[in-house]
Protein chains: 4
Amino acid sequence: MGTRAPRADALRNRARILTAAREAFARDGVDIPLDTIAERAGVGAGTVHRHFPTKEALVTAVIADRLDHLADRAAKFGDNPAEDFFTFLAELTDSARDNLALASALNGTLGTEGEASTARLAEALQSLLSTAQRSGDVRRDVTALEVHAILAGVLATESRLPPTRRGLGLEIAIAGLRPTSAQPRGDSDAKRG
Amino acid sequence: MGTRAPRADALRNRARILTAAREAFARDGVDIPLDTIAERAGVGAGTVHRHFPTKEALVTAVIADRLDHLADRAAKFGDNPAEDFFTFLAELTDSARDNLALASALNGTLGTEGEASTARLAEALQSLLSTAQRSGDVRRDVTALEVHAILAGVLATESRLPPTRRGLGLEIAIAGLRPTSAQPRGDSDAKRG
Amino acid sequence: MGTRAPRADALRNRARILTAAREAFARDGVDIPLDTIAERAGVGAGTVHRHFPTKEALVTAVIADRLDHLADRAAKFGDNPAEDFFTFLAELTDSARDNLALASALNGTLGTEGEASTARLAEALQSLLSTAQRSGDVRRDVTALEVHAILAGVLATESRLPPTRRGLGLEIAIAGLRPTSAQPRGDSDAKRG
Amino acid sequence: MGTRAPRADALRNRARILTAAREAFARDGVDIPLDTIAERAGVGAGTVHRHFPTKEALVTAVIADRLDHLADRAAKFGDNPAEDFFTFLAELTDSARDNLALASALNGTLGTEGEASTARLAEALQSLLSTAQRSGDVRRDVTALEVHAILAGVLATESRLPPTRRGLGLEIAIAGLRPTSAQPRGDSDAKRG
DNA sequence: GATGAATGAGTGTTCATTCAT
DNA sequence: GATGAATGAACACTCATTCAT
């Protein structure tokens, strides 16, 4: 025990930078100057670079953090097949709405930033998806990666919807993900490999 | 008055700039330097600014042009209620796929560029939509503007889908736009290719 | 011939930048900021970059210019074997004395800047050297490249000599370049002027 | 008092910094960041500054150390007039070859760093030189400071010579430092314009 | 004393925009 | 009108130096 705070202010600054960056990226997109982020975080420009050697590293860190956060959240579910899946989509949508950077990340506008975390999220999505598919509430032919892409679309939609209509994009996606009406529902059939 | 060729080359230059900008924005996104566009258009940088006082103006013009083009296309339809509507969505999706700038415009990433044309497109969408709604193949509660937002989402989805799965985003949106299965719409199940 | 001044001020600016850079590099070394050079040349920082896309390009241009100048000068000689050779060495020494950048270039401190011109200079040196060697006034085993290196040494020496002793470094190098006294050269006493 | 180990590690750190700096400066030149040196020395950046308040102080210390080392070495000679002198020049040349910092110091590229040690070295050089001059093997008109400058030149030359020709610069300097064969001693000729 | 995080002025470079030709 | 050179404010990033721990 007794690990004294090894570098208390460094941790605090790192957190402040991440927070400032998260907000700045969310509100203004990732093109915002690092100097602005440094200023908002109340640190010098050099400090930002000490913690994140390049701007890309900071962007990745912020995105990855958001993505990981979502993946963690996804892992918490597990009881109600379809409900869980759709609820998670809703949460994700809410998280990313009005977050330009997260939206960009999910849109693929950002190159390969946060790739690892994107994969983690896809994995988390996978189990929710599989369960929901097994229960017969979701089309069996879509993969987690595809759901990820659909999510990106939902976010894009939501960001253009007036506040009074929030949720419509998700609603439509969810409706579209259900098995075609030809197969009523009820039991689950053919689980996919 | 003897205006032999009043501004023949001015018109030509304008067209060349727009063409170059369209391609450049589509391929490389709107962050591409104006100098590059000028060079590709075979004109001087000053000429670009004569025609489009700011870069934003050029971006708007290009987007508006694309949007108008789509609106024009939409106006050509009108015979088969649901089919027309869905076909148009498919065309729009195809147009924007791999067009970074158009995708951005539809994503709302670009601020208010091309607002007027966005409205025009929404209008064109409106009549297709109304017809399809009247025929009972599309949810009655969505407006043209909302379809526009959904379109943005479809594009975002499609851009993240592997080539082998192209069309899935649109397919799901279309499925989601159908009236809920609870209230079957008579026949109608518009299969798409 | 009627080639109207195609871009008179561009040429003038280029010349001013080169002049300012030459003086700045000579006096302060190549680590001087480009902004300072721009300021001294009376142009904006961007203008420097238009003419010389990177700092290295400017350094190279300045060095190459100096080196070419010397090579040109070398080409003018050709009558008195030993005298020409030694006189050229003296000229080169005078040129580079108090020129930090040129000295650096000849010292090899500068990486590969101006390599082509270094080669040109070596070539020019070659013919002077060959002639002097054939006349028996210079050791036959040294090559032009080696003379180049020796020159670098002379410059380094001269830069550390008090003004009253200028020329001593060259004098010693010249003496050292003569054939060993064991094989007296009959005439030859190459007074240098 | 009980100063058990008063500042044992301080001394050790100082030594480690000097060693790291010596190697770093030698290999990479004096433009290498202090952080790199600190890291190689296994100390913090602040520790470097405690021992050497500015970077210039560290550079000076390293150079001075090298110069002192050479001066010490020079003091060890004393038996064979000319031989000692020339051997020392050879040693010095070998020491500085591939030592960017030392070469810089001797080149005068470094401003006034290590002036005191430069003087010490000159002094050591002086006695070797005087002895050699008295024995008639070295020109009588050169001073120790001038030999120092010549040494700088030799180093510059050597650094540009291909490995197969190492020693040529020194050889020529040595030859040039011998009394002119024609005139046993007495006057010198070689007036330059 | 040692540490290494923080600082912040400074560097090379880019690019939308202006303006002389 | 067209040209493309000039401008200069940004920008990401570096690094000697300072300072809290």
Side-chain angles (χ1 to χ4, degrees), chain A residues 4-14 17 31-38 42-58, chain B residues 6-10 13 31-39 42-58, chain C residues 4-14 17 31-38 42-58, chain D residues 6-11 13-14 31-39 42-58:
Chain A
R4 286 190 286 109
R7 37 196 100 89
D9 62 339
L11 285 180
R12 201 192 59 226
N13 275 340
R14 185 171 221 279
I17 291 166
D31 278 346
I32 194 170
L34 279 195
D35 283 6
T36 304
I37 292 171
V43 303
T47 302
V48 176
H49 274 90
R50 165 173 288 272
H51 291 285
F52 306 96
T54 65
K55 184 177 187 176
E56 185 178 354
L58 177 57
Chain B
R7 44 196 94 91
D9 62 339
N13 275 343
D31 279 346
I32 193 170
L34 278 196
D35 283 6
T36 305
I37 292 170
E39 194 183 1
V43 304
T47 303
V48 175
H49 272 87
R50 169 167 301 275
H51 290 287
F52 306 95
T54 66
K55 185 178 187 176
E56 186 179 352
L58 177 58
Chain C
R4 286 191 286 108
R7 37 196 98 92
D9 62 338
L11 285 180
R12 201 191 59 226
N13 275 341
R14 186 172 221 278
I17 291 167
D31 278 346
I32 194 170
L34 278 196
D35 283 5
T36 305
I37 292 171
V43 303
T47 303
V48 175
H49 274 90
R50 165 173 287 269
H51 290 286
F52 305 96
T54 65
K55 183 176 189 179
E56 184 178 354
L58 177 57
Chain D
R7 44 197 93 91
D9 62 339
L11 283 179
N13 276 342
R14 183 172 225 277
D31 278 345
I32 193 169
L34 278 197
D35 282 6
T36 305
I37 293 171
E39 192 183 3
V43 304
T47 305
V48 175
H49 272 87
R50 169 168 300 276
H51 290 287
F52 307 95
T54 66
K55 184 178 189 177
E56 185 178 355
L58 177 58

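Computed from heavy atoms alone, side chains included, the values below leave out hydrogens, waters and symmetry copies. These numbers come from a predicted model, not from an experiment. Proteins come first, then strands; the chains are lettered A, B, ... in the order of their sequence lines, and each starts at number 1.
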According to a strict under-4.0 Å criterion, is Thr47(A) in side-chain N/O contact with OP1 or OP2 of dA5(E)? no

Distance col, row Arg14(C):CZ vs Thr47(C):OG1, nearest 0.5 angstrom, shows 13.0 Å

Kindly point out which of dT3(F), dA2(F), dA2(E) is positioned nearest to the side chain of His51(B)? dA2(F)

Which nucleotide in dT17(E), dG12(E), dG1(F) has an atom nearest any side-chain atom of Leu34(C): dG12(E)

Phe52(B) CZ - dT18(E) P separation (whole Å): 16 Å

Distance below 4.0 Å between Asn13(C) side-chain N/O and dA5(F) OP1 or OP2: no

Atom-pair distance (CG on Asp35(B); P on dA6(F)), nearest Å: 13 Å

Would you mind telling me which residue lines up with the more 5' stretch of DNA chain E, Val48(D) or Asp9(C), judged by nearest nucleotide? Val48(D)

Nucleotide of dT17(E), dG1(E), dT7(E) approaching Arg50(D) most closely (side-chain heavy atoms): dG1(E)

Between Asp31(B) (CG) and dC15(E) (C1'), how many Å, whole number? 11 Å

Interatomic distance, Arg12(C) CZ vs dT21(E) P [rounded to whole Å]: 8 Å

Send over the distance from Ile37(D) CD1 to dT14(F) P, rounded to a whole Å. 17 Å

Within this structure, what is the CG-to-C1' distance between Leu58(C) and dT11(E), rounded to whole angstrom? 15 Å

Enter the distance from Thr36(B):OG1 to Asp31(B):CG here, rounded to the nearest 0.5 Å. 11.5 Å

Counting only side-chain heavy atoms from C-beta out, which of dG4(F), dT13(E), dT7(E) sits nearest to Ala45(B)? dG4(F)

For Lys55(A) and Ile32(A) the tightest heavy-atom approach is NZ-O, 2.8 Å

Minimum heavy-atom distance between Ile37(A) and Ile17(A), given as atom pair plus value: CG2-O, 4.2 Å

Ignoring backbone atoms, test whether His49(D) places a side-chain nitrogen or oxygen under 4.0 Å from the OP1 or OP2 oxygen of dC19(F). no

Whichever of Ile32(A) and Val43(C) has its nearest DNA chain F nucleotide further upstream toward 5': Val43(C)

If pairing requires Watson-Crick or G-U wobble contacts with both distances under 3.5 Å, which nucleotide is the partner of dA6(E)? dT17(F)

Within the 4.0 Å heavy-atom criterion, would you say Ala10(C) contacts the bases, only the backbone, or no part of the nucleic acid? sugar-phosphate

Shortest non-hydrogen contact from Pro53(D) to His51(D)? CD-O, 3.8 Å

Just the rounded figure in Å: distance from P of dT14(E) to NZ of Lys55(B). 15 Å

Rounded to whole angstrom units, what separation is found between the CD atom of Glu39(D) and the P atom of dT3(E)? 13 Å

